[in-house]
Amino acid sequence: MRLAAALVAVAGIGVAGYLTWAHFADSQVICVAGGGCETVQTSSYSELAGVPLALLGLLSYSVILALIAWDAPLARLGAAVLAVVGLLFGLYLIAVQLFVIDATCVWCMVNDALIAPALAVLTALRLRTEPDDATS
Amino acid sequence: MAAMKPTSSRRPSRWVVVAAFAVAIAAAVALIAAALLLRNDGGSTATSSTPAIDFSGIPQAGAMLGAPQAKVTLIEYADVQCPACRIYTEEVLPTVVDEYVRPGKVKAEYRGYPFLGEDSLKGERFLLAAAEQGKLWQLVDAFYRNQGAENSGWLTDDLIRQLASEIPGLDVDTLFARAQTDELGQAAQQAAAEAQSAGISGTPTLLVKIGDADPYQIQVATPDQVRAALDDALKG
């Protein structure tokens, strides 16, 4: 399970890294008929005080991966806590996409609906085992 | 190996775990609140600092700008409230006008697609009225450079009056009288309907038409991209 958690964290780094790059890359803004003018990636919801959310995600996943590698009990707790924060924030972002912006971005959803919940579950489960447990 | 287990290798106590997750929930709530409160305002309401495009000396007829005999036409579907159209007008259109329309190589056609809201229709009515006086493009430019946030009610009569009075040769009273007729109101709705049935999915949508051939769509976000697209059309 430690390997699984690490792999999911790496996947998170990959997706968040791509989304961070996409946020800064030249993307054509367009107003979509039947919707509004804010696409998910360029919407004002995609940043927190000017910092792209994708970048926050990238940093968080990196810290979680480091904590998984360290593997001390407090590190496991830290990883789980961070993953739960990520999960809850991801749920908020899903709500913003579906109910506020009326637009979703595929990779954002992959992160919010798959990676963040999976990581939260895995890191939480790992709290129940000892560090040198063969099954972890 | 008889390892000496440091005390930190024991699992944290249940209470520590509960407290940690309470902190996690509190942190998530704080983050969400921060994300909502610290959003940048979606639309810029400041007057643009880019200079107005100089249209003087370029023939205008209705929605067309440029030499009527130019073989290549650049068609733009746009909504006055669309921020992306504003970006196009400020960053790409000057190149189109200076390097292609003014020398008579390309003519430009504005096709309003007022779909974003009431101010979109209002803007389109005034543009159609300005077109009757051959001043549509000056008003397009002025609207975008003073664009406010989507559906915020920025397109007031006072703003339009002020912008229109800055356009030489535009009769403001006639502009208002015509814009407020049912005739132009219907024409504005018609413009939106036509764009929809033409399959236009968003704004700005740019199409190039060579002679009488079917127009084809181009993607341009920068002056270099529009140069490439127009040079390509001029060759063929």
Side-chain angles (χ1 to χ4, degrees), chain A residues 25-39 42-53 56-57 60 70-93 95-96 100-101 116 120 123-124 126-133, chain B residues 3 5-12 16-17 19-43 77-79 81-88 113 115-117 120 149-151 192 195-196 199-205 219-222 225:
Chain A
D26 262 343
S27 52
Q28 179 151 28
V29 187
I30 191 166
C31 299
V32 179
C37 293
E38 300 193 301
T39 62
T42 56
S43 86
S44 53
Y45 288 96
S46 71
E47 290 185 353
L48 192 158
V51 180
L53 294 180
L56 292 177
S60 304
W70 179 10
D71 207 30
L74 280 182
R76 290 190 177 197
L77 185 59
V81 164
L82 210 47
V84 165
V85 173
L87 167 67
L88 294 176
F89 199 72
L91 292 177
Y92 151 76
L93 290 177
V96 167
V100 181
I101 318 181
T123 50
R126 296 193 69 236
L127 290 178
R128 300 160 114 254
T129 63
E130 291 293 346
D132 53 5
D133 192 321
Chain B
K5 275 205 175 141
T7 47
S8 64
S9 75
R10 279 204 313 250
R11 272 186 281 159
V16 172
V17 174
F21 278 95
V23 167
I25 293 172
V29 170
L31 254 185
I32 292 171
L36 285 170
L37 292 171
L38 294 175
R39 279 176 63 211
N40 285 324
D41 191 345
Y77 281 91
D79 182 318
Q81 295 208 82
C82 152
C85 306
R86 173 192 190 157
I87 294 172
Y88 168 79
Y113 183 2
F115 70 97
L116 287 168
S120 305
E150 210 183 319
N151 290 326
Q196 225 170 353
I200 305 299
S201 59
T203 56
T205 294
Q219 303 285 351
V220 293
T222 66
Q225 286 174 358

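Only a predicted model underlies this, so the values are computations on that prediction, with no experimental measurement involved. Below, chain A is the first sequence line, B the second, and so on; all start at residue 1. Reckoned from all heavy atoms, side chains included, excluding hydrogens, waters and symmetry mates.
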Please look at B/V23 and chain A and tell me whether the side chain, the backbone, both or neither of the residue comes under 4.5 angstrom of a heavy atom of that chain. neither
So which part of A/A83 gets closer than 4.5 Å to some heavy atom of chain B, the side chain, the backbone, both or neither? neither
May I ask you to test the B/V29-A/Y92 pair for a side-chain heavy-atom distance under 4.5 Å? no
Do B/Y113 and B/Q196 have side chains that approach each other closer than 4.5 Å (heavy atoms only, starting at C-beta)? yes
Among the listed options A/L56, A/V84, A/L93, A/L91, the residue most often paired with chain B at heavy-atom distances under 4.5 Å: A/V84
Over all atoms of both residues, closest heavy-atom pair of B/P204 and B/C85: N-SG, 3.7 Å
With a 3.5 Å cut-off and no angle check, do the side chains of B/D79 and B/T203 form a donor-acceptor pair? no
